[in-house]
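Labels below follow one simple rule: chain letters A, B, ... track the order of the sequence lines, proteins then strands, and each chain is numbered from 1.
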Amino acid sequence: MDYGLLVMGAPYSDPAPHSALRFAEAVLARGHRLTGVFFYHDGVHNASSLMTPPQDELNLRKAWKALNERHGVPLDVCIAAALRRGIVSEAEAARHGHSAYNLEAPFELTGLGQLLTLQQRCDRLITFAS
Amino acid sequence: MDYGLLVMGAPYSDPAPHSALRFAEAVLARGHRLTGVFFYHDGVHNASSLMTPPQDELNLRKAWKALNERHGVPLDVCIAAALRRGIVSEAEAARHGHSAYNLEAPFELTGLGQLLTLQQRCDRLITFAS
Amino acid sequence: MTLHILTTAPNSDPARQVEQALNAGDTLLLIEAAVTAALDPQLNCWTQPAYTVWLLEEDLVARGLGNIAKKHRLATVNMDGFVALTEQHEQSVTWY
Amino acid sequence: MTLHILTTAPNSDPARQVEQALNAGDTLLLIEAAVTAALDPQLNCWTQPAYTVWLLEEDLVARGLGNIAKKHRLATVNMDGFVALTEQHEQSVTWY
Amino acid sequence: MHASEDFLVIIRHAPHNASWLREGLDAALVAAAFGQSVRLLFMGEGALALCKAQQAGAPGQKASLPTIDMLEMYDIDQLNVPVRTLDELNIGLESLVDGVSTLTDAQVNALFSQNRPILNF
Amino acid sequence: MHASEDFLVIIRHAPHNASWLREGLDAALVAAAFGQSVRLLFMGEGALALCKAQQAGAPGQKASLPTIDMLEMYDIDQLNVPVRTLDELNIGLESLVDGVSTLTDAQVNALFSQNRPILNF
């Protein structure tokens, strides 16, 4: 089957991204396809390349990135939710006069329409939020 | 009197920083001193210089910065809570190999001990969290 | 005497917890989501005589509950009054 | 048939809301903070016959509640079983 | 999932409290813009989003009522609130914006028995 | 506020659920390191932090039990739980770590009647 995930919690503040990652691994282990992950609400913080957890803790961004590298899963981040919360790509940084950015590939800023597209393309859309 | 504020909510995700800012203005308007603001838990996101709200919305970081500029209020951010959540100063960025940073003066990364010091130095410590 | 500040709705865990903490003579200030308590004058906090309860006016008005609070004759303070309450109470605890 | 996923404690708003949404034949999966429901076998979700309830094993064990769930003979699934439940239900709703 | 189905968006968070309300309503508007027929269900504190007397919050805090008013322009005319929610909040239908319809427990239940896309905020 | 007073830290959030528990315990440890005599009150879901059978969560999720075990080293030996909390959670004292003492409603109430620094997590 084709699965999509909607992740709406921030790492370290919320267990939702941890649950979503474990679920993603289990989906793939059962032979399904993961069509995409959409990050909305506080979930946009999963994309932060400045995330610096202590060394004995999982770096959630790197874990999502590894999922993308191994299985080609697109990682889409809602642009409106992200900008408000200080998650900015190189292009958006330039547009808004910031001298730095903290979102880079494989994460992509995209509109909320992408969530609707994901929902339509998938057999199952599972939401992770706490 | 000497007031200290403890802010533990993120802008846009939580009303706590809005309440704290309005309270800070009222404290000063009544002739009190604001000895410091300490940002802990998700409150560390108040310091993000990449925060990019729509133009018709208040930029919370700029509002805190203005409070500092007008009244010299120190803005201390818990370093452990901040690093996990991707809030990083220039020095910490260098230390952890990041090529960008999103926390700058007047916000300062500091240890949790600073919260205890603030509590001891103030007549009143008021917590804002939701 | 302690000032207890509640920021969550009346049926939330923190609302139950603050009731365990309130002593006779204390003050309870309802801000943010807690101001929805104005809708129900039968709630415990409005019917007990042991402590004083205030609603934060700005948060009440923002949610469209100002008139309902007036109708129920509930006491409100503005932000300046919030600061005054903290002056009067040496200690405050926020429940969220 | 819908799979309802609850992530909050049994006395929370979302826990009350999911009860309004559950239809006969539906499935309720308790994950994250919701697994504390294992402590109380008298909770409505354990005593009604209309829908099936599962606890997510990993979250139960992490919180030290694995043995209590066993003692109360409550049904658990692991992450693989969670995926299986989503295969069996065309629709899922998460309550948080 | 096809465009003809009734797309259900559930709003359970109050205004001024977090961006849940705003981000939930945004999702409803985008679904409508995608040609879906959207039904909104306001449960629990979410019903306060319909309070017609609400205003903007503190300076810079955006009001959400204008978004509620915009729903009609997107052909979202199903604004449902459970009777149970109104009872629990002790709020009357006359305090809410026009065009809200109430649902019995059985009607709420029935919304979830039909197979349709659901987003829960 | 002086160092001799009993510093009260309240923990109301469960393990694995957010960083509230960890960050609350960190504050207690720092207060103790500052020479304060710290008392911990575990209310509501916070009492689950004392569950002795708890383990690390998913890979990379840090366990909080080791921090509870560390409290003694910082001379934090007052671990209080309201009887009401144990009743509401339906959990017995035997499921919790050693050294926890229960408080009646009146005792909980009394904790808040004395003037002392309080941090509420």
Quiz item: Does any heavy atom of chain F fall under 4.5 Å from the side chain of C/T94, the backbone, both, or neither of them?
Solution: backbone
Self-check item: Heavy atoms of other groups near C/Q48 CD, more than 12 under 6.0 Å
Solution: yes
Quiz item: So with a 6.0 Å cut-off around NZ of F/K52, is the heavy-atom count from everything else above 12?
Solution: yes
Quiz prompt | Contact summary for C/Y96 and F/F121, nearest pair of heavy atoms | solution = OH-CA, 2.9 Å
Quiz item: Does F/R12 reach the side chain of C/D13, with side-chain heavy atoms less than 4.5 Å apart?
Solution: no
Exercise. Mind checking the CG-NE2 spacing from F/N120 to C/H4? Nearest 0.5 Å is all I need.
Key: 10.0 Å
Quiz prompt | Approximate separation, where rounding is to 0.5 Å, of C/R16 CZ and F/T85 OG1 | solution = 11.0 Å
Quiz prompt | side chain to side chain donor-acceptor pair (under 3.5 Å) partners of F/D105, counting only residues at least two apart | solution = F/R84
Self-check item: Side chain / backbone / both / neither for F/I10 at chain C, heavy atoms under 4.5 Å
Solution: side chain
Exercise. Inspect the surroundings of CG in F/D87 and state if more than 12 heavy atoms from other residues, nucleotides or ligands are less than 6.0 Å away.
Key: yes
Quiz item: For F/N109 and C/Q20, which heavy atoms make the closest approach, and how far apart are they?
Solution: ND2-O, 2.8 Å
